[in-house]
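To start, the structure itself, in structure tokens.
The chains referred to below are lettered A, B, ... by the order of the sequence lines, with proteins before strands, and numbering in each begins at 1. Hydrogens, waters and symmetry mates play no part in the numbers below; they use all other heavy atoms, side chains included.
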Protein chains: 2
Amino acid sequence: MINNKNEFYLKAFGKHLRKLREDRLLSQENLANDSDIPINQIGRIERGEINTTVNTIYSISKALRIEPKELFDFKFKG
Amino acid sequence: MINNKNEFYLKAFGKHLRKLREDRLLSQENLANDSDIPINQIGRIERGEINTTVNTIYSISKALRIEPKELFDFKFKG
DNA sequence: TATTATACACACATATATGTGTTATTATTT
DNA sequence: AAATAATAACACATATATGTGTGTATAATA
């Protein structure tokens with residue numbers, strides 16, 4: 001994801017995921033284990049480095065015990 | 001996306017997108033033009049063939065004039 | 001200082017989403 | 001039946017997400 005037009009949206013998405021995770025007192029490792037997604041991938045998503053997919057969103061939301069749509073429940077001006 | 005464990009979620013996601021589009025009386029071609037995403041890609045997403053990304057979700061939601069989270073606002077048992 | 005926990009930063013191979021083009025199918029209308 | 005519109009179904013090249021491994025950086029704690 002180099003210089004994508006939606007880079008700021010990905011940053012906001014990652015920041016929101018990080019908040020949801022930290023609010024639940026989970027480490028990246030905890031979430032990685034619970035979602036069966038590599039910890040490096042969790043970090044890349046939280047830093048907004050990559051443009052993750054519906055399946056990954058679904059897996060993460062299950063691990064966080066929230067609805068997938070909550071991962072998009074943040075303010076963004078674009 | 002061959003035989004993915006989340007294939008049913010992708011099918012449900014695509015079905016929901018199709019409904020949102022049809023409710024607005026838009027053709028796939030209309031949505032493709034408005035979102036600047038190839039019509040073939042729209043079709044593949046609606047059929048649940050591919051595991052689309054946050055950026056694509058964001059572009060589609062803007063074209064539909066809805067919030068990205070609405071694309072995940074459907075029931076699913078998994 | 002040393003240890004531990006957490007997050008970041010690389011590299012690499014593989015799978016797959018994207019983007020483009022073309023053709024086929026299906027449904028609707030004339 | 002023929003024409004048109006909408007969707008599906010192919011093929012292909014390219015970009016990139018994923019998955020894995022290894023190493024580094026930082027902060028907190030003993």
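- Look at CG on B/Asn6: it is 13 Å from P on C/dT16, rounded to the nearest Å.
- For the pair B/Ile37 CD1 and D/dA15 C1', the interatomic distance rounds to 16 Å; values are reported in whole Å.
- In the set C/dA7, D/dA9, D/dT18, the nucleotide with an atom closest to the side chain of A/Arg18 is C/dA7.
- In this entry the distance linking CG of B/Asn55 with C1' of D/dT16 reads 11 Å, nearest Å.
- Proximity of a side-chain donor or acceptor of B/Ser59 to a complementary backbone N or O of B/Asn55 within less than 3.5 Å is detected.
- Using a 4.0 Å cut-off, some side-chain N or O of A/Gln41 falls inside it from OP1 or OP2 of D/dT18.
- Tested against B/Glu46 for a salt bridge (charged side-chain N to carboxylate O under 4.0 Å, His left out), the candidates B/Arg21, B/Lys11, B/Lys15 yield a single pass: B/Arg21.
- Residue order along DNA chain D, read from the 5' end via each residue's closest nucleotide, puts B/Ser27 first among B/Ser27 and B/Arg44.
- Proximity note for B/Asn40 (side chain, C-beta onward) versus D/dA17, D/dC10, C/dA7: the nearest is D/dC10.
- Distances from the side chain of B/Thr56 to the nucleotides D/dA9, C/dT18, D/dT18 place C/dT18 closest.
- Under the 3.5 Å distance criterion, the side-chain polar atoms of B/Arg44 are left unmatched by any main-chain donor or acceptor of B/Ile50.
- At whole-Å resolution of the value, CD1 in A/Ile39 and P in D/dT18 are 16 Å apart.
- Going from atom CG of B/Asn51 over to atom P of C/dA17 covers 5 Å, rounded to whole Å.
- The CG atom of A/Leu26 sits 13 Å away from the C1' atom of C/dT6 (whole-angstrom rounding).
- Between B/Lys69 and B/Glu67 no salt bridge is recorded (no basic side-chain N to carboxylate O distance below 4.0 Å).
- Note: CD1 (B/Ile45) to P (D/dA8) measures 12 Å, nearest angstrom.
- Here the nucleotide nearest the side chain of A/Thr52, chosen from C/dA9, D/dA8, D/dA17, is D/dA17.
- Taking each heavy atom of B/Leu71 and B/His16 in turn, the nearest pair found is O-CD2, 3.2 Å.
- As a whole-Å value, the separation of B/Ile50 CD1 from D/dA15 P is 18 Å.
- For the pair B/Gln28 and D/dA8, the criterion of a side-chain N or O lying under 4.0 Å from OP1 or OP2 is met.
- An OP1 or OP2 oxygen of C/dT6 is reached within less than 4.0 angstrom by no side-chain nitrogen or oxygen of A/Arg21.
- With D/dG19, C/dA9, C/dA17 as the candidates, the nucleotide lying closest to the side chain of A/Pro38 is D/dG19.
- Proximity note for B/Thr53 (side chain, C-beta onward) versus D/dT20, C/dT18, C/dA9: the nearest is C/dT18.
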